[in-house]
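Keep in mind that this is a model prediction, so the values were computed, not measured.
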Amino acid sequence: MTVVSSANFRSFTDESAEVEQSKVLIKEGGVQLLLTIVDTPGFGDAVDNSNCWQPIIDHIDSKFEDYLNSESRVNRRQMPDSRIHCCLYFIAPSGHGLKPLDIEFMKRLHEKVNVIPLIAKADTLTPEECQQFKKQIMREIQEHKIKIYEFPETDDEEENRLVKKIKDKLPLAVVGSNTIIEVNSKRVRGRQYPWGVAEVENSDHCDFTILRDMLIRTHMQDLKDVTNNVHYENYRSRKLAAVTYNGVDNNKAKGQLSTNMDTVEGIFSWNWPVGESGVNPAASF
């Protein structure tokens with residue numbers, strides 16, 4: 001799984017854009033899961049954000065290109081899948097809906113990756129404010145025809161109830177913390193306030209557990225399937241169609257898509273270690 005975030009801010013005079021990648025091997029229940037985190041600090045924080053999207057677009061395309069090249073080899077027994085399977089787009093808890101940069105970036109990205117919108121720092125909103133903010137965001141997503149990840153419907157009533165529960169809570173509101181706090185003789189991850197503790201893994205406080213379960217348990221395989229059957233196939237078709245009979249790529253001079261972004265983004269791709277079979281869990285924010 002790969003996570004792209006812009007939580008670390010740069011100065012307004014720094015226009016550089018970076019994609020920083022790191023990997024963590026997680027073991028749970030005897031299964032090894034590889035977590036890849038890609039950080040994009042400072043995206044959207046410059047005065048001119050006209051090019052802040054390009055490293056993310058290039059990163060997604062480069063992973064598709066790597067997989068396409070692997071498919072073209074004679075020996076295809078070992079084909080590491082580093083494609084991006086999910087993008088978590090974090091929305092600032094302003095209470096005023098989506099910013100133009102949010103709208104533009106998601107519209108440019110939704111044809112390349114599964115987009116799941118999230119509300120960051122949900123503990124800065126009251127429960128009433130959070131619910132109203134969610135409704136406003138979903139209304140604007142529909143108005144601007146942004147294609148977020150479509151949860152699949154099944155014949156299983158229990159699964160359909162789970163999907164409906166997740167859909168009703170979109171965009172998921174999450175809280176992040178690296179601090180362990182003791183609450184009622186129990187150690188929890190959360191944020192301490194004068195009025196109490198906002199617990200990361202308490203479903204009454206935020207939607208983090210719903211997000212985690214969705215990514216690594218209930219919808220992990222579907223995210224991979226949609227990536228492979230829809231987004232990757234679209235890229236592959238465009239790429240092969242652009243190659244003429246003499247092997248010249250007609251798209252080299254056409255440039256790239258353009259968009260903007262100014263908050264926190266997360267992009268996920270699942271990879272199994274050599275000799276294993278599986279996917280990566282979600283990271284704690």
> Side-chain heavy atoms under 4.5 angstrom apart, residues restricted to Ile, Leu, Val, Met, Phe, Trp, Tyr: same cluster for V188 and V175?
Replying inline: no
> Looking only at heavy atoms, which two atoms of V163 and H219 are closest? And how far apart?
Replying inline: CG2-NE2, 3.7 Å
> So which pairs with a foot in residues 64-73 pass side-chain hydrogen bond (donor to acceptor under 3.5 Å, both in side chains), sequence neighbours left out?
Replying inline: E65-Y235, E71-Y232
> Apart from Y193 itself, what residues make up its hydrophobic cluster, given side-chain heavy atom links below 4.5 Å?
Replying inline: W195
>> For the backbone of Y149 and the side chain of N114, can you confirm whether one donor and one acceptor N or O come within less than 3.5 Å of each other?
In response: no
> Should L215 and L223 count as side-chain neighbours, where that means a heavy-atom distance under 4.5 Å?
Replying inline: yes
>> To check you understand the geometry: which heavy-atom pair defines the closest contact between F90 and A120, and what is its length?
In response: CD2-CB, 3.7 Å
>> Could you walk me through whether N229 and E233 satisfy the side chain to side chain donor-acceptor pair (under 3.5 Å) test, starting with their C-alpha distance in whole Å, then the side-chain angles of each, then the deciding distance to 0.1 Å, before giving a yes or no?
In response: CA-CA 6 Å; N229 300 332; E233 282 301 318; over 6 Å; no
> Going through the checks in order, is the salt bridge (charged side-chain N to carboxylate O under 4.0 Å, His left out) test met by E182 and K186?
Replying inline: CA-CA 5 Å; E182 187 168 329; K186 181 181 178 182; over 6 Å; no
>> Would T179 and R191 count as a side chain to side chain contact (heavy atoms under 4.5 Å, CB included) here? Give the steps.
In response: CA-CA 7 Å; T179 305; R191 302 179 69 89; over 6 Å; no
> Would you find a donor on one side and an acceptor on the other, under 3.5 Å apart, between the side chain of T124 and the backbone of K121?
Replying inline: yes
> Could you walk me through whether I137 and I119 pass the side chain to side chain contact (heavy atoms under 4.5 Å, CB included) check?
Replying inline: CA-CA 10 Å; I137 290 173; I119 298 176; 4.0 Å; yes
> N160 side chain to D155 main-chain N or O, any donor-acceptor pair under 3.5 Å?
Replying inline: no
> Roughly how far, to the nearest 0.5 Å, is the CG atom of L118 from the CD1 atom of I116?
Replying inline: 7.0 Å
>> As an exercise, state the distance from CG of D213 to CD1 of I166, rounded to the nearest 0.5 Å.
In response: 8.5 Å
> Are V174 and I181 in one and the same hydrophobic cluster, where Ile, Leu, Val, Met, Phe, Trp and Tyr link if side-chain heavy atoms are under 4.5 Å apart?
Replying inline: no
> Would a 4.5 Å heavy-atom cut-off, applied to side chains only, mark F64 and R83 as touching?
Replying inline: yes
Return a table of donor-acceptor pairs under 3.5 angstrom between the side chains of residues 196-211 and protein atoms on other chains or two or more places apart.
from	atom 1	to	atom 2	distance (Å)
E201	OE1	R212	NH1	2.6
N202	OD1	D204	N	2.9
H205	ND1	E199	N	2.9
D207	OD2	K134	NZ	2.7
D207	OD2	A173	N	2.9

> Is there a side chain to side chain contact (heavy atoms under 4.5 Å, CB included) between I84 and T227 once you walk through the steps?
Replying inline: CA-CA 8 Å; I84 307 302; T227 298; over 6 Å; no
> Are any of the side-chain heavy atoms of F151 and L170 separated by less than 4.5 Å?
Replying inline: yes
>> Would you compute the distance between atom CE of M106 and atom CD1 of I148 and round it to the nearest 0.5 angstrom?
In response: 8.5 Å
> If you measure from NE2 on H231 to NE2 on H110, what distance do you get to the nearest 0.5 Å?
Replying inline: 9.5 Å
>> Would you say that L125 contacts Q132 through its side chain, given a criterion of any heavy-atom pair below 4.5 Å between the two side chains?
In response: no
>> Please find the pair of heavy atoms, one from L101 and one from Y89, that lie closest to each other, and give the distance.
In response: O-OH, 4.2 Å
> More than 12 heavy atoms of other residues, nucleotides or ligands under 6.0 Å from CD of E143: is that the case?
Replying inline: yes
> Got a second to check how far I103's CD1 is from E140's CD, nearest 0.5 Å?
Replying inline: 5.5 Å
>> Is there a side chain to side chain contact (heavy atoms under 4.5 Å, CB included) between T126 and E129? Walk through the geometry before answering.
In response: CA-CA 5 Å; T126 66; E129 290 173 340; 3.0 Å; yes
> Once you round to the nearest 0.5 Å, how far does OG of S62 lie from CD1 of I57?
Replying inline: 11.0 Å
>> Determine whether K167 and E150 satisfy the following criterion, salt bridge (charged side-chain N to carboxylate O under 4.0 Å, His left out), listing intermediate values before the conclusion.
In response: CA-CA 9 Å; K167 285 184 175 181; E150 186 69 28; 3.8 Å; yes
